[in-house]
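For reference, the structure is listed below as structure tokens.
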Amino acid sequence: MADRITVIGWDGTPLTQAAAGALAAATLVAGAGYQLAALPVPERAERIGLGDLRAAARRLADHRGTAVVVAEGDPGFFGVVRTLRRPEYGLELEVLPAVSSVAAAFARAGMPWEDAQVVSAHGGRLRRAANVCRAHPKVAVLTTADAGPSELALMLRGVPRTFVVCEALGTPEEDVTVLTSERVPDHDWRDPSVVLVIGNVPATEAAAGWLAGKPVDHPGTQRGWALPNRAYAGADADARRPRALPPHVRALALARLAPAPGDLLWTVGAGDGALAVEAARFGAAVVAVEAEPADCARITANARKAGVEIETAAGSGPEVLGALPEPDAVAVEHGGPAMVRAVVARKPERVVAVARSLAEAGETRQILDTAGYRTDGLLLQSAPLRAEQSSGAGPSFGRGDYTLLIWAEPHD
């Protein structure tokens with residue numbers, strides 16, 4: 001293997017003394033074409049491109065002499081170091097980082113970024129990156145030539161966002177463009193280093209959080225999940241409207257839906273949005289469907305109170321689902337078998353449905369079985385502990401209730 005391998009992060013600024021010395025002594029230099037052309041690579045040194053990083057790593061392992069790998073910014077942050085450190089190559093690295101492209105992009109935008117999400121669209125993950133942008137108001141997306149700003153903006157159609165598109169960061173051709181998301185597809189973009197996708201970010205005067213990658217703590221947000229219905233404005237306030245799912249049912253539904261960052265979850269017949277809000281607090285993007293615009297407004301108010309973002313869609317029939325983005329998981333809180341049938345046509349990975357009777361539970365399970373899912377379910381019975389008790393008496397319980405919950409996943 002090479003006697004010494006130095007990984008140099010380069011952000012377009014003059015090399016440090018250590019980086020310049022390593023480059024001058026190199027007998028093999030690997031990097032992108034523009035980097036090899038712009039840097040003082042020794043004439044005697046072998047040059048290889050980094051188009052196929054694993055092939056380059058194998059060549060480095062076979063090389064005898066000193067080698068340098070040039071990467072953008074911080075090569076340990078979504079960079080080449082992870083691949084070069086794979087045990088099969090047996091490479092020992094010295095890493096000399098520069099400013100990461102994400103840090104540079106936020107610096108160009110004049111924004112703090114300890115509360116930002118950072119995602120990569122590499123490897124066919126554009127849809128998951130877009131879902132993170134739906135769920136969070138400040139996201140840096142590392143893009144590729146075929147998963148760039150235009151493709152990202154098209155996936156976020158209808159979601160109000162500002163794009164800060166940073167092309168060729170750290171090069172003489174660097175360009176930073178700020179556009180609203182609907183205008184982004186109208187442009188031809190070079191392969192950018194990073195795209196910032198910005199929504200309604202809390203005021204910078206607010207106290208900073210303490211955990212990088214997490215939004216600023218929202219004042220008044222209750223800790224935990226499966227909160228009592230009273231935590232959600234409007235829950236059970238109108239007997240004519242669908243009742244919110246009880247907390248213990250929400251807890252099981254969330255366990256089966258398994259919402260996570262990068263997922264998109266639908267809640268259909270979402271009531272006042274309790275399940276939608278709690279799924280969003282796990283980091284998933286959420287679209288909540290309810291019959292009337294007023295219902296959607298209540299969901300939006302509860303989301304704002306909890307410090308999360310939820311998209312809403314007004315409508316009560318299966319046809320409302322046709323315009324929604326592709327889901328990873330769906331909860332049918334209200335809507336019955338007809339809505340479940342419309343849901344499984346979109347082939348989500350996980351489905352949870354509430355049935356109002358044993359007959360409805362049977363029909364729902366048949367729909368899911370026919371669609372190729374593996375189904376299970378529970379009849380959940382509960383009775384609340386009474387607040388008042390007679391002197392010396394044991395605990396007593398209020399009127400009992402039950403809920404039929406069906407869940408499904410595709411067969412292995």
Side-chain angles (χ1 to χ4, degrees), residues 127-128 130-131 134-135 154-159 241-245 249-250 252-254 256-259 262-280 284-296 298-300 303 310-378 403-411:
R127 191 181 75 87
R128 297 191 68 78
N131 287 339
R134 289 177 177 276
L154 289 171
M155 282 200 166
L156 293 172
R157 188 185 292 111
V159 181
R241 296 173 56 245
R243 209 158 52 100
L245 293 181
V249 178
R250 267 186 273 126
L252 180 57
L254 286 165
R256 297 304 175 184
L257 292 165
D263 289 344
L264 177 63
L265 172 74
W266 296 350
T267 58
V268 183
D272 292 289
L275 182 65
V277 166
E278 292 182 347
V286 180
V287 179
V289 180
E290 253 303 341
E292 301 294 337
D295 299 325
C296 294
R298 273 186 285 268
I299 294 170
T300 299
I310 292 176
E311 297 173 56
T312 59
S316 57
E319 63 277 1
V320 72
L321 307 182
L324 301 185
E326 294 302 312
D328 297 285
V330 179
V332 181
E333 300 185 59
H334 300 91
M339 196 64 83
V340 173
R341 185 174 287 106
V343 162
V344 298
R346 301 290 288 273
K347 302 186 185 307
E349 293 180 6
R350 301 174 297 281
V351 179
V352 168
V354 178
R356 305 299 162 183
S357 66
L358 287 172
E360 189 173 296
E363 185 179 355
T364 297
R365 183 165 191 173
Q366 183 177 15
I367 292 168
L368 292 165
D369 287 343
T370 302
Y373 288 86
R374 182 179 64 251
T375 59
D376 204 346
L378 280 176
T403 305
L404 287 159
L405 199 68
I406 309 295
W407 58 87
E409 298 176 347
H411 287 285

Would you call [X] and [Y] a side-chain contact if the rule is heavy atoms closer than 4.5 Å?
X    : Y    : answer
I406 : V340 : no
L265 : V287 : no
R356 : H334 : yes
W407 : L257 : no

Please round to the nearest 0.5 Å and tell me the distance separating atom [atom1] of [X] and atom [atom2] of [Y].
X    : Y    : atom1 : atom2 : answer
R128 : M155 : CZ    : CE    : 12.0 Å
W266 : E333 : CH2   : CD    : 14.5 Å
D376 : L368 : CG    : CG    : 11.5 Å
I299 : T267 : CD1   : OG1   : 6.0 Å
E290 : T300 : CD    : OG1   : 11.5 Å

Any idea which heavy atoms bring [X] and [Y] closest together, and the distance?
X    : Y    : result
L264 : P325 : CD2-CG, 3.4 Å
P337 : I367 : O-CD1, 3.5 Å
P410 : R374 : O-NH1, 3.4 Å
L321 : A342 : CD1-CB, 3.9 Å
A303 : I310 : CB-CD1, 3.8 Å
P348 : V343 : CD-O, 3.4 Å

Atom CD of Q366: over 12 foreign heavy atoms under 6.0 Å: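 No.
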R350: partners by salt bridge (charged side-chain N to carboxylate O under 4.0 Å, His left out), with sequence neighbours left out: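 Result, salt bridge (charged side-chain N to carboxylate O under 4.0 Å, His left out) vs R350: D263.
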Main-chain N/O of [Y] paired with [X] side-chain donor or acceptor, under 3.5 Å:
X    : Y    : value
R250 : L275 : no
E349 : D328 : no
R365 : G377 : no
R346 : V330 : no

Expected list for residues 311-320: side-chain donor-acceptor pairs under 3.5 angstrom, two or more places apart:
unit_1 : atom_1 : unit_2 : atom_2 : d
E311   : OE1    : R134   : NH1    : 2.9
E311   : OE2    : R134   : NH1    : 2.5

